[in-house]
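The next block holds one structure in the form of C-alpha cells; read it before the comments.
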There are 2 protein chains.
Amino acid sequence: MKTKILVLEDDNSISQLICMNLEAAGFLTIPILDGLEAQAYLQTEQSKEISLALVDVMLPGKDGFSLMEDFQKVDIPVIYLTAKDDVISKVQGLKSGAEDYMVKPFEILELLVRIEKVLERTGRGREMIQIHDVSIHLKEHSVTKNGVPILLKPMEYELLVTLASNKNIALSREELLQRIWGTDFIGETRTVDVHIAQLRKKLDFHQVIRTVSKTGYRLEEL
Amino acid sequence: MKTKILVLEDDNSISQLICMNLEAAGFLTIPILDGLEAQAYLQTEQSKEISLALVDVMLPGKDGFSLMEDFQKVDIPVIYLTAKDDVISKVQGLKSGAEDYMVKPFEILELLVRIEKVLERTGRGREMIQIHDVSIHLKEHSVTKNGVPILLKPMEYELLVTLASNKNIALSREELLQRIWGTDFIGETRTVDVHIAQLRKKLDFHQVIRTVSKTGYRLEEL
DNA sequence: AGTAGCCTTACATTTACCTTAAATCTGCTA
DNA sequence: TAGCAGATTTAAGGTAAATGTAAGGCTACT
C-alpha cells in the first residue's frame, strides 16, 4: 500500500507542484489548503493512515506552529515548509516538535530525501519499493528478486535505493556521489560506475539501469 | 500547461519585445507596466500561477527593489532587469533576494537561458517540452515520439533541447556551437549540420527543423 | 592477523563525434 | 531555362572519449 502524505499548503500552485512530485515518487497525497480544515481532518478516521505531514507555517485559518499539538496528538510527524529563513522561526519550528524544516524555495529532490529520512527515522517508511521483479525491503534493509534474497553490500544498497526512489529520473555521477557518499567525498566519479556494474550484475539489471551517456544513470520502469 | 511569467517593465516597447519573445519560446506572459499595479496583482488569485517575474528596477509607482518583499511573500522568484550596470545596484539586487540580474540592453537568448536556469533551480522547471508528436522529458533526459522512445546521442539531445527552447527562433551555427559545445570549441561549423541531419532523420523532422539559408536553423511549430 | 567493504587502477569495449568528400539543393545570371 | 557557384545534406570512417569490468590493495573493524 502506498504511503499517504498530508500536504498542508495554502498556495494552490505550490501545493499542486508538491503533490505532483510526491505522487510521481510513489506516494499518495492529501492536499489541504487551510489550517482549520486540517484540524478537522485530523479528527476523522481516515487521518489514521497518514504517515507524514508537510505543513506550511504561514496559513490562513490557523498557522502551522499552533497546529503542532494536533499532529502530535495523532502521532503524525511533521516537516515544516516556510519562506522565512531566519533562525528564530527555524528554532521555534524544531523546538515545537517538527521532524524537519524546509525553507522555500526548495528543490523537490531535497524534499524527497528528507521525507524518506523522516519516514525511516519514525518507522513509517515505505516498507517496500518494487522495481520489476525485485523488491527492496526498506525496514529489513534487504533485497529480493522473485523472492530470492540478493546480498548487496551497504553502498550497493544505498545506490539502489537512491535510484529506485527516483525512478525514471536521470541522476548524474556527481549527484549520486553527493547523495550517497556525502558532500565531503573526494575521489573519482568512476567509483559510481563500479557500483553500478555490481548492481547490474547482481540484479540482472543490465537494461533496467540505463546509462545516460555523458551524464549519469537512470533506473527505468514502464 | 504553459509556464507563466510576469513581465514588469514600464517601457511599453521593451515590454512588448520581451513578451513576444517569451511567448515564442512557449511561455505565457503577463505584462504589467507599473509598480503599484503589480503590487495589486500579486494580491489576486491568478497571481498564484506565476512561476517567475522579470522586474525592471526603475519603475513608476513603486520601484523594483521595494517590490521584492511582495514577491517573496507569494514565493515568486525574480530576475531584475536594469540599465544600471554599476556594482552597487547589482549587489543590492541580489542581496535583496533576486534570483538573477540582467543589464539592459541584453540578448533575448541570454535572458531565455537565465530564465530556464532559475526555473530549474527553484523547482518550477518545465519537465517536458512538446514539439508536434515528440516529447522531451527533461528530468529523464529522454525523448519519445508518439510514446516511442527515441535514442539520441548526448550532442543530439542538447541540440534538440536548445532548438526546442527557442521555438521559431533562428539560431546561427555559431550560436549553437557556443551554447552547446562551449566557447572554447575550435572546429568546423559544418559540425552542426551533421548533428542537425541526425535529428531530422531520427525524429522525422525534415520539415520541422528548417534551414535558414546562410544563417542557421530554426525549429518550427505552428 | 584476518576479514569485509570499498576505492582505485588498468585495460577492454563501446560509443560518440568530428572530419571529409561526394551528392544535392538553391538562387543567381545570362 | 540552362548553367554555375555557393551552400547544404548526408553517408562513412578514423579517432578520441566515455563506459564496462576485473583485479588488487588499502582501511577499519574484529
**Residues forming a salt bridge (charged side-chain N to carboxylate O under 4.0 Å, His left out) with A/Asp133, sequence neighbours excluded** = A/Lys145

**Asked** To the nearest 0.5 Å, what is the distance between CD (B/Gln130) and OG1 (B/Thr144)?
**Response** 7.5 Å

**Message:** Quick check on contacts: within residues 150-164 of chain A, what sits under 4.0 Å from DNA chain C by heavy-atom distance?
**Reply:** A/Lys153, A/Pro154, A/Met155

**Prompt:** Is B/Thr215 reaching over with its side chain to a backbone N or O of B/Ser213, donor-acceptor style, under 3.5 angstrom?
**Reply:** yes

**Message:** Please give me the minimum heavy-atom distance between B/His137 and B/Tyr157, naming the atom from each residue.
**Reply:** O-OH, 3.7 Å

**Asked** Who are the salt bridge (charged side-chain N to carboxylate O under 4.0 Å, His left out) partners of B/Arg173, not counting sequence neighbours?
**Response** B/Asp193

**Prompt:** If you look at every heavy atom in A/Thr191 and A/Trp181, which pair is closest and at what distance?
**Reply:** CG2-CZ2, 4.0 Å

**Request:** For A/Lys153, enumerate each residue passing the side-chain contact (heavy atoms from CB on, under 4.5 Å) test, keeping only those at least two apart in sequence or located in another chain.
**Result:** A/Glu156, A/Lys202

**Asked** Listed by chain and number, what are the side-chain contact (heavy atoms from CB on, under 4.5 Å) partners of A/Glu158, not counting sequence neighbours?
**Response** A/His141, A/Ile180

**Prompt:** So how far is it from A/Gln16 CD to A/Thr29 OG1, rounded to the nearest 0.5 Å?
**Reply:** 10.5 Å

**Message:** Going by the rule side-chain contact (heavy atoms from CB on, under 4.5 Å), which residues pair with A/Val74 if we only count those two or more places apart in sequence or in a different chain?
**Reply:** A/Leu42, A/Ile76

**Complete:** Going 5' to 3' through nucleotides 8-24 of chain D and flagging B where a protein heavy-atom sits under 4.0 Å of the base, S where only the sugar-phosphate is that close, and - otherwise, we get BBBS------SBBBB--

**Item:** End-to-end axis angle, where each axis spans five pairs of the helix from C/dA1-D/dT30 to C/dA30-D/dT1, to 10°
**Value:** 30°

**Fill in**
Applying ring pair (Phe, Tyr, Trp, His ring centres under 6.0 Å) to A/Tyr217 and not counting sequence neighbours gives none

**Prompt:** Could you state the interatomic distance from CZ (A/Phe185) to CG (A/Leu177), rounded to the nearest 0.5 Å?
**Reply:** 5.5 Å

**Asked** Along DNA chain C, 5' to 3', what are the outermost nucleotides having an atom less than 4.0 Å from a heavy atom of chain A?
**Response** C/dG5 to C/dC17

**Fill in**
B/Glu221 meets the salt bridge (charged side-chain N to carboxylate O under 4.0 Å, His left out) criterion, sequence neighbours left out, with B/Lys167

**Message:** Quick one, A/Ile50 and A/Ile30 - any side-chain contact, counting heavy atoms below 4.5 Å?
**Reply:** yes

Just the atom pairs and distances: protein N or O near nucleotides 27-30 of chain D's N or O, under 3.5 Å.
none

**Asked** Under a 4.5 Å cut-off applied to non-hydrogen side-chain atoms, are B/Leu203 and B/Val143 in contact?
**Response** yes

